[in-house]
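These notes are about the structure you will find just below.
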Amino acid sequence: MAAEPTAQESRSRDLDKLLLRPGNLVGPNFEPGPALRDDLKEYGRVLVVGAGGLGCELLKDLALSGFRKLEVIDMDRIEVSNLNRQFLFRLEDVGKPKAEVAAKRVMERVSGVNIVPHFCRIEDKELEFYSKFSIIALGLDSIEARSYINSVACSFLEYDSDDSALEETSKPMVDGGTEGFQGHARVIVPGVTPCFECTIWLFPPQVKFPLCTLAETPRTAAHCIEYAHLIKWDEVHSGKAFDPDDPEHMKWVYNEATKRAELFGIPGVTYSLTQGVVKNIIPAIASTNAIISAACVLETLKIASGCSKTLSNYLTYNGAEGLHTEVTEFVKDKDCLVCGPGVLIQLDTSITLEKFIDLLKEHPKLLLSKASITHRGKSLYMQAPPVLEEMTRSNLSIPLFDLIGKIPKDVVHAIGTTTKNDKKTSCLRKLRVVFKGVDGIADMDTAGET
Amino acid sequence: MAEPKTKYDRQLRIWGEQGQTALEKASICLLNCGPTGSETLKNLVLGGVGSITVIDGSKVELGDLGNNFMVDESSVGKSKAKCVCQFLQELNDAVKAKFIEEYPEALIETNPSFFSQFTLVVATQLVEDSMVKLDRICREANVILVLARSYGLTGLVRISLKEHTVIESKPEHFLDDLRLNNPWPELRGLAETIDLDVTDPVAHKHMPYVLILVKMAEEWSKSHDGKLPSTREEKKEFKEHIKARMTALDEDNYKEAIEASFKVFAPRGISSDLQQLIGDRFVEVDSSSSDFWVMVAALKEFIENEGGGEAPLEGSIPDMTSSTEHYVSLQKLYQAKAEADFLVIEQRVRTILKRIGRDPNSISKTTIKSFCKNARKLKVCRYRLVEDEFNSPVLPELQKCLTDEDYSVAGGFYILLRAVDRFAANYNSFPGQFDGVMDEDISRLKTTAVGLLNDLGCNGVTLTEDLINEMCRFGAAELHAVAAFIGGIASQEVIKLITRQFVPLSGTFIFNGIDHKSQLLSL
Ligand SMILES: [Zn+2]
């Protein structure tokens with residue numbers, strides 16, 4: 001029988017120090033030992049959302065931090081301008097799905113790691129898909145996508161009858177973001193820390209130029225570009241949509257912007273600036289992505305193993321002027337629609353599913369249109385795909401009370417669209433439905449309910 | 001070939017062609033290619049540095065596969081420098097990648113002149129003794145040194161070079177240079193030609209706030225013995241005057257004027273930072289002075305003469321509510337003044353160069369122009385020798401950090417990172433490196449740390465038992481996530497140093513991976 005390799009010879013030589021040895025500055029549930037290391041391999045399932053600058057780093061860092069079961073989801077294909085930081089991609093990969101190439105490259109390098117790629121939109125996956133992960137790591141550059149994943153993760157959080165969050169149902173997330181030399185890393189434990197929506201004010205929507213400035217008093221190169229992009233394009237190309245990824249379209253906008261700038265004596269229109277303004281390009285470099293992802297994965301390891309305390313709860317990094325890091329402990333919004341116990345809705349037992357869906361459109365806190373409804377993982381009505389719509393259509397005429405098994409008080413989930421900053425976005429809401437006059441539950445005149 | 005431009009698009013938007021050219025000219029030497037070193041270089045190779053030379057004498061072991069992405073199964077038993085170098089090369093074929101299979105410690109001892117060929121040396125995972133020796137070598141040879149170390153859940157990054165001067169410091173928030181408190185004759189002249197009481201409402205709401213403020217400041221000073229508002233009451237009154245000139249509630253230009261009125265009240269002249277810079281002893285230039293200091297000498301003369309106490313005008317204005325004509329003519333006015341200031345400084349630079357016996361044209365127009373544009377934002381970073389810091393750190397700073405409620409952990413790690421090297425020098429291994437002698441190592445490390453604190457003169461400071469235990473638990477482990485964090489910072493600093501843009505970190509960055517309350521120590 002071959003001898004068991006000693007710690008110094010083992011692949012987990014370095015990680016073992018942290019996972020096998022007891023310590024005092026550790027998480028409350030830390031149980032050091034080989035079993036912990038093996039459990040991490042076996043049961044530590046992490047989903048990486050986004051396979052871009054942060055996602056590539058996250059996958060590599062997780063694969064080298066004791067995790068073996070990873071999945072990654074991304075709808076984008078590789079572009080040349082990714083190559084200065086998305087180190088898992090090569091020139092010959094341009095055009096291929098990011099998730100697939102990233103997964104393949106990490107598996108080739110780190111043996112024993114399994115990564116399942118998903119080349120699709122995050123909204124294409126059902127709730128159940130997300131529920132199987134122990135932790136979700138977000139490497140995204142859009143607020144809308146963060147908001148959506150956050151609402152998905154928070155939807156798994158259950159509350160007891162006293163409205164206290166049941167921590168064992170909480171699905172932790174780590175979230176990173178970068179711009180130039182700056183970035184943030186945060187830990188979100190629904191029910192414990194603020195969720196993304198609790199602190200949405202940290203991400204103010206981008207200010208747009210007033211249309212009258214563009215049309216009448218342009219002053220900067222960006223004004224000329226946006227005029228060509230938002231006004232002139234539609235005037236000239238009746239009905240044809242502008243495609244930012246079509247170089248011909250971009251060239252046209254650049255030429256129009258140049259003409260306008262010349263007319264008004266405004267300097268500074270370049271092709272590069274045109275792309276930057278039109279596509280809202282955020283400058284990005286490898287080092288910042290590396291720093292932020294590393295912080296996220298270190299926290300993932302700590303959450304999963306308890307091997308140290310965790311970040312509480314928001315780290316900002318700024319490397320532009322010297323080096324500044326700061327930890328801020330943000331607080332939960334107890335009235336948060338997303339991580340709170342859910343929006344309370346009182347209903348008559350006779351109300352049909354169709355009526356209920358209509359009601360969500362009007363509800364002042366929700367304004368949710370085209371909602372699909374699920375109850376305990378089971379689809380009650382699905383707007384899409386057509387085959388599921390057809391299968392669930394017959395439920396529309398049945399009272400909701402009957403559909404959920406005549407339970408007087410329960411939680412259902414609604415996924416639909418809502419309008420935020422003039423933009424239609426997908427959103428998921430947790431709804432607590434209470435039926436009037438059932439089983440001793442008197443008409444609840446809950447204070448604050450609308 | 002359009003490829004590189006597209007490939008580097010996202011970073012060119014940060015440091016421009018000039019920064020990229022500097023990177024492509026740089027030759028970087030890496031000492032030790034564990035994960036900390038490999039990750040540092042990975043980020044630099046992706047960004048397109050000119051060349052890298054990887055130096056490591058060790059062979060790849062099984063344990064390296066668990067923390068280093070730049071080795072794989074097939075690397076075991078082979079030269080680590082070679083394997084890492086090969087994988088790094090895959091990331092970017094524009095980079096010249098070389099390796100030398102040798103231990104850095106040996107190179108430092110036997111071949112110090114080796115390092116003078118590089119722009120910058122990144123030294124990772126070195127112990128105190130080697131750091132001190134290498135630092136002396138690099139300082140002597142004028143090679144930039146970046147030290148990086150990952151150790152369990154802590155680590156450090158430190159820069160060492162005599163002086164780093166930055167023209168393009170690119171601060172994120174900086175007051176624009178509008179001179180509303182001290183307008184030059186042409187700006188005053190333009191303001192005189194406008195009528196604030198114009199009856200056309202469209203014209204009234206498109207008068208840029210710069211002209212409103214210059215005009216109203218002029219009116220104010222005429223009725224106040226040539227002074228601008230200075231007391232709180234006066235400032236309030238001035239804002240009331242602006243408000244009174246509004247003819248409709250939706251006049252954004254007037255709202256902007258009220259918001260920007262503090263620019264009228266701001267004291268004239270240069271900032272204390274710039275004052276300090278032109279008072280620096282290096283301003284007395286001679287033939288050995290750098291271009292930067294020659295230009296600062298010219299700047300000093302300008303401020304004391306033509307500038308009338310002000311730096312050259314930056315020449316750009318922010319966007320503001322305005323008609324296109326007014327805005328464009330303002331823009332031209334600011335540009336013209338900046339150009340005039342530049343010409344004066346250029347003349348002074350040429351004269352100084354001649355005086356100190358250099359070719360008067362040895363500093364390019366572009367450089368002087370950029371210097372003038374950034375005159376208010378110039379930065380000088382100086383770094384102590386590592387040896388000096390180790391022997392006599394700035395005690396009040398160290399004491400403050402060690403006793404600070406939030407940051408004492410980072411302070412403690414600074415001491416412990418040095419204590420483990422003393423420990424290793426005495427006992428030939430790091431505390432907790434091997435299993436089975438934990439308790440003994442903990443008490444030895446404690447004694448070593450107490451000894452170090454005494455030697456430094458930090459009497460009365462104690463490190464917590466918990467932190468000492470933790471340091472022993474780490475057992476010199478190089479965790480990938482920590483290495484990626486430390487390596488990420490090291491590469492970011494390298495980029496700032498080489499492009500000479502942005503401001504590199506000053507002091508020693510101590511990473512606290514327990515709760516991320518890291519600290520920058522200026523010792
Ligand atoms: Zn919330």
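Proteins come first, then strands; the chains are lettered A, B, ... in the order of their sequence lines, and each starts at number 1.
- Between chain B and the options A:L25, A:I292, A:T310, heavy-atom pairs under 4.5 Å are most frequent for A:L25.
- For the pair A:R109 and B:F87, the distance from NZ or CZ to the six-membered ring centre is under 6.0 Å and the angle to the ring normal is within 45 degrees.
- A 4.5 Å side-chain heavy-atom check between A:R85 and B:N43 finds every atom pair outside the cut-off.
- Ranked by non-hydrogen atom pairs under 4.5 Å with chain B, the options A:A185, A:C296, A:A295, A:G180 are led by A:A295.
- Among B:M320, B:M70, B:E465, the residue making the largest number of heavy-atom pairs under 4.5 Å with chain A is B:M320.
- Using a 4.5 Å heavy-atom cutoff, the side chains of A:L323 and B:E493 are in contact.
- Going from atom CG of B:D252 over to atom OG1 of A:T213 covers 8.5 Å, rounded to the nearest 0.5 Å.
- Only the side chain of B:E470 comes within contact range of chain A, judged by heavy atoms closer than 4.5 Å.
- To the nearest 0.5 angstrom, A:C56 atom SG is 10.0 Å from B:L46 atom CG.
- Applying the salt bridge (Lys or Arg N to Asp or Glu O under 4.0 Å) rule to A:K309 yields no partners; only residues at least two apart in sequence or on another chain are considered.
- Residue contact with chain A, scored on non-hydrogen atoms closer than 4.5 Å, is absent for B:S74.
- Both the backbone and the side chain of A:T288 come within contact range of chain B, judged by heavy atoms closer than 4.5 Å.
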message = What verdict does the side chain to side chain contact (heavy atoms under 4.5 Å, CB included) test give for A:T325 and B:H516, after you've listed the backbone C-alpha separation in whole Å, the side-chain angles of each residue and the deciding distance to 0.1 Å?
response = CA-CA 8 Å; A:T325 64; B:H516 286 278; over 6 Å; no
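- Here the OG atom belonging to A:S308 is positioned 6.5 Å from the CZ atom belonging to B:F474, to the nearest 0.5 angstrom.
- By the 4.0 Å N-to-carboxylate-O rule, A:R21 lies close enough to B:D435 to be salt-bridged with it.
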ask   = How far apart are the C-alpha atoms of A:F87 and B:N92, what are their side-chain angles, what is the distance that settles it, and do they pass the side chain to side chain contact (heavy atoms under 4.5 Å, CB included) test?
value = CA-CA 9 Å; A:F87 67 96; B:N92 192 345; over 6 Å; no
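- In this structure, B:D64 and A:R13 have side chains that are in contact, with non-hydrogen atoms separated by less than 4.5 Å.
- The candidate with the highest count of non-hydrogen atom pairs below 4.5 Å against chain B, out of A:A284, A:G66, A:S293, A:C307, is A:A284.
- Side-chain contact between A:P218 and B:T324 is present, with heavy atoms from C-beta onward closer than 4.5 Å.
- Taking the charged nitrogens against the carboxylate oxygens, B:K42 and A:E57 do have a contact shorter than 4.0 Å, which makes a salt bridge.
- The two residues B:G63 and A:D14 make their nearest non-hydrogen contact at O-OD1, 4.3 Å.
- To the nearest 0.5 Å, the span separating CG on B:L479 from CG on A:L19 amounts to 8.5 Å.
- Proximity to chain A involves both the backbone and the side chain of B:D466, based on heavy atoms less than 4.5 angstrom apart.
- A:R219 touches chain B through backbone and side chain together, each having a heavy atom under 4.5 Å away.
- With respect to chain B, the highest number of heavy-atom pairs below 4.5 Å among A:N289, A:L315, A:L62, A:I281 belongs to A:I281.
- Using a 4.5 Å cut-off on side-chain heavy atoms (C-beta onward), A:D61 and B:H480 make contact.
- Side-chain contact check for B:N67 versus A:L64: every heavy-atom pair is 4.5 Å or farther apart.
- For A:F89, no part lies near chain B; criterion is any non-hydrogen pair under 4.5 Å.
- Using modelled atom types and a 3.5 Å distance limit, the side chains of A:E216 and B:H206 yield no donor-acceptor pair.
- Between A:R11 and B:E73, at least one side-chain N (NZ, or NE/NH1/NH2) sits under 4.0 Å from a carboxylate O, which counts as a salt bridge.
- The shortest distance between side-chain heavy atoms of B:I489 and A:Y317 falls below 4.5 Å.
- For the atom pair CD of B:Q433 and NZ of A:K17, the computed distance is 6.5 Å after rounding to the nearest 0.5 Å.
- Contact detail for B:K496 and A:A320: the closest heavy-atom pair is CD-O, 4.3 Å.
- At a 4.5 Å heavy-atom cutoff, the contact between A:P22 and chain B is made by backbone atoms alone.
- Heavy atoms of A:H324 lying under 4.5 Å from chain B are absent altogether.
- Using a 4.5 Å cut-off between heavy atoms, B:C381 makes no contact with chain A at all.
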task = Go through B:F485 and A:L298 one step at a time and tell me if the side chain to side chain contact (heavy atoms under 4.5 Å, CB included) criterion holds.
result = CA-CA 9 Å; B:F485 191 92; A:L298 190 57; over 6 Å; no
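- Taken to the nearest 0.5 Å, the NZ atom of B:K7 stands 12.0 Å off from the OG atom of A:S81.
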task = Go through the steps to decide whether B:D515 and A:L311 satisfy the test side chain to side chain contact (heavy atoms under 4.5 Å, CB included), and finish with yes or no.
result = CA-CA 5 Å; B:D515 57 12; A:L311 166 68; over 6 Å; no
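- Salt bridge annotation for B:K170-A:E321: absent, with no cationic side-chain nitrogen under 4.0 angstrom from a carboxylate oxygen.
- Shown here for A:A294 and B:A481, the closest heavy-atom pair between the two residues is CB-O, 3.2 Å.
- Using a 4.5 Å cut-off between heavy atoms, B:P504 contacts chain A through its backbone alone, with no side-chain atom that close.
- Chain B forms more heavy-atom pairs under 4.5 Å with one residue of A:S65, A:G276, A:S312 than with any other, namely A:G276.
- Heavy-atom distances place the side chain of B:L153, and not its backbone, under 4.5 Å from chain A.
- Classification of the A:F181-B:W15 ring pair by plane angle, with boundaries at 30° and 60°, yields tilted.
- Here A:G319 is the residue among A:G265, A:G319, A:G23 with the most heavy-atom pairs under 4.5 Å with chain B.
- Proximity to chain A (any heavy atom under 4.5 Å) is restricted, for B:V71, to the backbone atoms N, CA, C and O.
- What you find for B:S322 and A:T217 is that their closest heavy atoms are O-CB, 3.4 Å.
- By number of non-hydrogen pairs under 4.5 angstrom with chain A, the leading residue of B:V494, B:L520, B:V328, B:D72 is B:V328.
- Top candidate by heavy-atom pairs under 4.5 Å with chain A, chosen from B:Q519, B:E172, B:K517, B:H326, is B:E172.
- Taking the side chain as every heavy atom from C-beta outward, A:N24 and B:T464 never approach each other to under 4.5 Å.
- When heavy atoms are compared at a cutoff of 4.5 Å, B:F509 approaches chain A solely by way of its side chain, counted from C-beta outward.
- Proximity to chain B (any heavy atom under 4.5 Å) is shown, for A:Q86, by neither the backbone nor the side chain.
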